[in-house]
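Every heavy atom of this structure was used, including side-chain atoms; hydrogens, water molecules and symmetry mates were not. Below, read A as the first sequence line, B as the second, and so on, with proteins coming before strands; counting in each chain starts at 1.
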There are 2 protein chains.
Amino acid sequence: MVTLADVAAEAGVSLATASRALNGSSRRVREDLRLRVAEAARKLNYAANAQAQAMARGRSEVVGLLVHDIADPYFSSIAAGVMQAAEEHRLLVTLVSTQRRYGTEAEHLTLLRGQRGRAMILVGSRTRDRDVTEALRREVETFTETGGHVVAVSQRALPIDTVVVENRAGARQLGQELTALGYRRFAALAGPTDLLTARDRLQGFKDGIARAGGDLSPAAVVTGPFTRDGGYAAMTELIARDLRPQCVFAVNDVMAVGAMAACRDHGIELPGDLAVAGFDDISTLRDITPGLTTVRLPLERMGALAMDLVVTAEPGGSPRIRRVRGEVVVRASTPGR
Amino acid sequence: MVTLADVAAEAGVSLATASRALNGSSRRVREDLRLRVAEAARKLNYAANAQAQAMARGRSEVVGLLVHDIADPYFSSIAAGVMQAAEEHRLLVTLVSTQRRYGTEAEHLTLLRGQRGRAMILVGSRTRDRDVTEALRREVETFTETGGHVVAVSQRALPIDTVVVENRAGARQLGQELTALGYRRFAALAGPTDLLTARDRLQGFKDGIARAGGDLSPAAVVTGPFTRDGGYAAMTELIARDLRPQCVFAVNDVMAVGAMAACRDHGIELPGDLAVAGFDDISTLRDITPGLTTVRLPLERMGALAMDLVVTAEPGGSPRIRRVRGEVVVRASTPGR
DNA sequence: TTGTATGCGTTATCAC
DNA sequence: GTGATAACGCATACAA
């Protein structure tokens, strides 16, 4: 491996000069030497050892990114926003995935902490589990106390910079609009009971339809995994309960899409026999039929916002909030009645 | 930041003993000391500085992953496979994205090289561009010469371990089956002209239909970006040409999905007026209508295979190939005639 | 088995 | 403006 010492020798200068020439330090280097060093580096195909730099400088250009499932379009879109912003700021991103084992977030953060990155971005719902949250809080605190920065994208469960998604307000608005479309008897595919995102959306939806005169009986709320297959299973269960709702709300789009598949497989016609709505407006919705009514979130921008909080962080600043509103998008899956 | 020295002091042992106790070196540590050190580490919330470890050991547990667009389901599924395998092997993954600026791969690898990871995985089509390939080759060589390992997922454009996708054979098979279904006049949405994946698939498809008596005139081949919107635009162009093909082949699924949208927007009924087929079998296909005929690739497994090549790499071994065959899946978008 | 001392590649502090 | 040299945090060869 070619080191800075090799470059310095090749250019006939000292290590210090080579370092200054290649990495714009505050000191200036005479132009001819600077060129000699640059030429030597090019010739030797030198790439600075970022680890050594990080040790010497006491800071690194790596940001940790934690998601629950990178193959889920919700997370991959946010990740795309993060990646784009990272490139603009010349930052590198180290990815970890909980694979939806929500209790393992703290462990994954420990792993990231070992990398001594300058910041970590936690994407995805927090849980209601006290022990899990406590472990997470400890981990975040440890990292923060030593100069690291942590940003969350979801809800404010920790005292850190957060891109807050207004799940409740978005779902409430959706509930109101669906009721205004004439639906009264609702059902819900509620996701996991301990995920805050799932809970907030369900609660907001309930508020919205209650305010507008709709009805959602507890029997018409089915829980299940926050995934496409979870939505399929929950919808299957709902069908088995034979409650005949007019409209079903899935707390995220991937579940809604799974639910639609379950309907097809059970001979339920959409939207004739049943209206369906979701939440997120993942990009893949553009191509499913009927078009799914949902609450649009600016996913890529949320990733960029998170990275923005990282690069604008002030040491010792108090937690900042960036609110992201959802916008109801009515499509063919809820034609009204 | 708490260091190993802090832990050693807390436990009342030397730095060396603390090091040996925490990272199963070959030397053994007396049980009571080992426990004292572990307890001190836990109490202080110690996480080893991976960068310092990497420097001292001369190897790291980080793998670089390069993709063209993490929001594209093709790449995010492969990435999910990589992430899963990484977790099993206790490796960390640093992600870089070219954002489909195919010429920037070498630059991105330079960035990764700076991280001194143990390996890099290059996912996605190589190009025909000589200069780009040459820059890439140089970069790979530099990394390899210094003990790094590089694995590609795509085609064998470089003398390195590769998960080879049998694009040609898969597309040929698809062409044959479509012809067997009765289609004769074909069109193709060919992707970018300089992407090897796009070229191979188009060539394979041509071979397949030619062998079976189908026809694809040069005028019925439209190039364009390898994306959903690229497929939409290419299909729009094809419609404008007014060639009235019976069946259109898009060289990947995201383009096919975009093409289907273009058809809807132009009043072309699927599959009645036109049959459509794609390639990859991305997971989102499960939920589009009509079901898209395609060539199924085991995307997650491809990611896992790549990581397997990383962890089983022998220093100085010659390049290994893992072939991945595609399987034709006929769905409602090509009912036959 | 435990401790001491050196080196990993780079930056930064100091002298020149 | 340039050059020695001491950190940075850890692993390990060597000495005890």
Side-chain angles (χ1 to χ4, degrees), chain A residues 1-38 40-41 44-62 113-118 142-143 146-148, chain B residues 1-38 40-41 44-62 113-118 142-143 146-148:
Chain A
M1 186 69 67
V2 32
T3 73
L4 187 57
D6 299 329
V7 176
E10 174 77 22
V13 300
S14 74
L15 196 60
T17 298
S19 173
R20 294 195 270 254
L22 289 177
N23 310 304
S25 94
S26 55
R27 319 286 285 243
R28 299 213 9 178
V29 174
R30 225 171 52 212
E31 193 57 16
D32 59 327
L33 288 190
R34 156 178 223 72
L35 287 175
R36 280 230 306 274
V37 173
L44 297 179
N45 229 327
Y46 171 74
N49 182 330
Q51 321 213 14
Q53 287 185 314
M55 284 199 60
R57 292 206 253 240
R59 66 192 154 76
S60 92
E61 307 300 315
V62 173
R113 180 154 61 92
Q115 294 301 307
R116 299 294 189 274
R118 72 149 63 173
T142 304
F143 187 67
T146 57
Chain B
M1 187 68 70
V2 31
T3 73
L4 187 58
D6 300 328
V7 175
E10 173 78 22
V13 301
S14 75
L15 197 61
T17 299
S19 173
R20 295 194 269 254
L22 289 177
N23 310 305
S25 94
S26 54
R27 320 286 285 244
R28 299 215 5 181
V29 174
R30 223 171 53 211
E31 191 59 15
D32 58 329
L33 287 190
R34 156 180 223 69
L35 286 175
R36 280 231 304 275
V37 173
L44 297 178
N45 229 328
Y46 172 74
N49 183 329
Q51 322 213 11
Q53 287 186 313
M55 285 199 61
R57 292 206 253 240
R59 64 190 157 76
S60 93
E61 307 301 314
V62 172
R113 180 155 60 93
Q115 294 301 307
R116 299 293 189 273
R118 72 149 63 173
T142 304
F143 187 67
T146 56

For the residue pair [X] and [Y], what are the closest heavy atoms and their distance?
X	Y	answer
Met1(A)	Asp6(A)	O-OD2, 3.8 Å
Leu22(A)	Tyr46(A)	CD1-CE2, 3.7 Å
Gln51(A)	Ala54(B)	OE1-CB, 3.0 Å

Ignoring backbone atoms, test whether [X] places a side-chain nitrogen or oxygen under 4.0 Å from the OP1 or OP2 oxygen of [N].
X	N	result
Thr3(B)	dG9(D)	no
Tyr46(A)	dT10(C)	yes
Gln53(B)	dA11(D)	yes
Thr17(B)	dG3(C)	yes
Asn23(B)	dA11(D)	yes

Nearest-Å distance, [atom1] ([X]) to [atom2] ([N])?
X	N	atom1	atom2	answer
Arg116(B)	dT10(C)	CZ	C1'	11 Å
Arg34(A)	dT2(D)	CZ	C1'	14 Å
Arg59(A)	dA7(D)	CZ	P	20 Å
Leu22(B)	dT12(D)	CG	C1'	15 Å
Glu61(A)	dT10(C)	CD	P	15 Å
Gln51(A)	dA11(D)	CD	P	13 Å
Asn49(B)	dA11(D)	CG	P	10 Å
Gln115(A)	dC8(D)	CD	P	21 Å

(message) Classify Ala54(B) by what it touches in the nucleic acid, base, sugar-phosphate, or nothing, heavy-atom distance under 4.0 Å.
(response)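 Since no nucleic acid heavy atom lies under 4.0 Å of Ala54(B), the category is nothing.
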(request) Classify the side chain of Arg57(A) versus the base of dG9(C) as yes if they form a donor-acceptor pair under 3.5 Å and no if they do not. (result)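 Under the 3.5 Å cut-off, the side chain and the base do not form any donor-acceptor pair.
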(message) Between the base of dG3(C) and the side chain of Arg20(B), is one N or O donor paired with an acceptor at under 3.5 angstrom?
(response)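 Per atom types, the contact qualifies.
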(message) Is it the case that over 12 heavy atoms from other parts of the model lie below 6.0 angstrom from the CZ atom of Arg57(B)?
(response)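 More than 12 within 6.0 Å, yes.
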(message) Please compare Leu33(A) and Leu15(A) by the position of their nearest nucleotide in DNA chain D and report the one closer to 5'.
(response)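 Between the two, 5'-proximity favours Leu33(A).
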(message) Quick check on DNA chain C: between Asp32(B) and Ala56(B), whose nearest nucleotide comes earlier from the 5' end?
(response)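 It is Asp32(B), whose closest nucleotide lies nearer the 5' terminus.
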(message) Treating Arg34(A) as the side-chain partner and Val29(A) as the backbone partner, does any N or O pair qualify as donor plus acceptor under 3.5 Å?
(response)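 Checked: no pair found.
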(request) Would you indicate which nucleotide in dC8(D), dA11(D), dT10(C) comes nearest to any side-chain atom of Met55(A)? (result)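 Of dC8(D), dA11(D), dT10(C), dC8(D) is nearest to the side chain of Met55(A).
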(request) For the side chain of Ala16(B), starting at C-beta, report the closest nucleotide among dT10(C), dT4(C), dG9(D). (result)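 Out of dT10(C), dT4(C), dG9(D), the nucleotide with an atom closest to Ala16(B)'s side chain is dT4(C).
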